[in-house]
Protein chains: 2
Amino acid sequence: MSSLLDFLTLENQLCFAIYETNSQFTKLYSNVLHPFGITYPQYLVLLALWERNGMTVKELGERLKLGTGTLTPMIKRMETNGWVRKERAANDERKVCIFLEAKALDEKHAITEVIAKEVLACNIELAEYEALLQQLKALQGKLSTGL
Amino acid sequence: MSSLLDFLTLENQLCFAIYETNSQFTKLYSNVLHPFGITYPQYLVLLALWERNGMTVKELGERLKLGTGTLTPMIKRMETNGWVRKERAANDERKVCIFLEAKALDEKHAITEVIAKEVLACNIELAEYEALLQQLKALQGKLSTGL
DNA sequence: CTCAATTAAATCGTGTACGATTTAATTGTA
DNA sequence: TACAATTAAATCGTACACGATTTAATTGAG
């Protein structure tokens, strides 16, 4: 990109590059996760819960930056499929805590293994991976000022 | 990230960083575009058509990596709102070409201006912007091998 | 103690997004 | 020229994603 005149071409839009890459990750991960019967967003929920089991819907929403309009029906599907269980907090009946079911704990290794294998197959250098991660976090910080 | 042992934490997932950043862009752009009565994906369609007017649904889908299941209803909404017009190709009645309506041409400057202003307000360095764009394209190439 | 403000989920309506199927037009080959 | 294969859109069913509203439980000021 040589000047701001090129700003409006699709090819030079950072937002579009992110949009496209996100689609690619979604498709790649969906393929791998399909045999397990989970979707890519559901896998992100599992990742969050594997790290900290028993989070409330609100905490999960803060972690994944998702609202209840997305999470409530998604958790219901994961509940139906035996991945998680809902439990009302005893001290505050408004809160609903989400706990992993045995299935989610048992499948953890198998799932992370196929995901890791798939990512490794893409031959992404560790340095490249980390650099991108750092830059994305820097970008996230800057974008958040506009919200 | 020090080793592959950290691979499964949400914080170190490149896919999640991309997922989050995409959400941020979506929200930021949606706020700005809302007064014009278009959504962020619809803005991407306009960007593509401003570059090359009269593309078929298939071409638009290839450009934006979207299928007809997404595009057909979206174009219908944009048609209803007066942004585009559909026209069957004379030489091949299967093809449907999408043309910008006057509204889309008239609003082009106003829309790109507010978007540019919003992005500039985030204080993203040009070098940072270009580096990220390059790295994302490199990543896209590697991810595409897995699809 | 009480009742208005706050908080946590659930619900609702709209708009993507995708895989699979269907419909209709065109093409290639016998 | 037939007519089966191919191609382009549309359609369908499921699953996010979000803003706005609603419901129910808790908190807090008077």
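All of these numbers come straight from a predicted model, not from anything done at the bench. First the proteins, then the strands, lettered A, B, ... as listed; each starts at 1.
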Heavy-atom contacts, protein to nucleotides 17-24 of chain D, under 4.0 Å, summarised as B (base), S (sugar-phosphate only) or - (none) per nt, yield BBB-----
Report all side-chain donor-acceptor pairs from residues 114-126 of chain B shorter than 3.5 Å, counting only partners two or more places apart or in another chain.
none

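- Look at CD on Gln42(B): it is 9 Å from C1' on dT16(C), rounded to the nearest Å.
- Residues passing the ring pair (Phe, Tyr, Trp, His ring centres under 6.0 Å) test with Phe36(B), sequence neighbours excluded: none.
- Taking atom NZ on Lys95(B) and atom C1' on dT7(D), their separation rounds to 9 Å, with Å as the unit.
- Contacts of residues 78-89 of chain A with DNA chain C (heavy atom under 4.0 Å): Lys86(A).
- Residues passing the salt bridge (charged side-chain N to carboxylate O under 4.0 Å, His left out) test with Lys76(B), sequence neighbours excluded: none.
- Residues passing the salt bridge (charged side-chain N to carboxylate O under 4.0 Å, His left out) test with Glu62(A), sequence neighbours excluded: Lys58(A).
- Between Tyr40(A) atom OH and dA17(C) atom P there is a gap of 14 Å when expressed in whole angstrom units.
- Distance CZ (Arg77(B)) to C1' (dA10(D)): 14 Å, rounded to an integer number of Å.
- A heavy-atom distance below 4.0 Å to DNA chain D is reached by none of the residues of residues 53-62 of chain A.
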Which donor-acceptor pairs under 3.5 Å do the side chains of residues 66-75 of chain A make with protein atoms, sequence neighbours left out?
{"residue": "Thr72(A)", "atom": "OG1", "partner": "Thr68(A)", "partner atom": "O", "Å": "3.1"}

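- Glu59(B) pairs by the salt bridge (charged side-chain N to carboxylate O under 4.0 Å, His left out) definition with Arg52(B), not counting sequence neighbours.
- Within the structure, every side-chain polar atom (N or O) of Thr39(B) is placed at least 4.0 Å from both OP1 and OP2 of dT14(C).
- Nucleotide dT11(D) holds its C1' atom 15 Å from the CD1 atom of Ile75(B), rounded to whole Å.
- Here the C1' atom of nucleotide dT14(C) and the CD1 atom of Ile38(B) are 16 Å apart, to the nearest Å.
- Glu93(A) has its CD atom 13 Å from the P atom of dA10(C), to the nearest Å.
- Qualifying side chain to side chain contact (heavy atoms under 4.5 Å, CB included) partners for Lys27(A), counting only residues two or more places apart in sequence or in other chains: Leu147(B).
- Looking at Gln13(A) and Leu44(B), their side chains never come closer than 4.5 Å, going by heavy atoms from C-beta outward.
- Applying the salt bridge (charged side-chain N to carboxylate O under 4.0 Å, His left out) rule to pairs touching residues 132-146 of chain B yields Glu11(A)-Lys137(B), Glu128(A)-Lys142(B), sequence neighbours excluded.
- Computed from coordinates, the Leu71(A) CG to dA15(D) P distance equals 16 Å when rounded to whole Å.
- For residues 94-110 of chain A, the pairs satisfying side chain to side chain donor-acceptor pair (under 3.5 Å) are Asp92(A)-Arg94(A), with sequence neighbours left out.
- With rounding to the nearest 0.5 Å, the separation of CZ in Arg77(A) from CD1 in Ile38(A) is 13.5 Å.
- Look at Lys76(A) and you won't find any side-chain N or O under 4.0 angstrom from OP1 or OP2 of dT14(D).
- Considering only the side chain of Val96(A), dA9(C) comes nearest among dG15(C), dA10(D), dA9(C).
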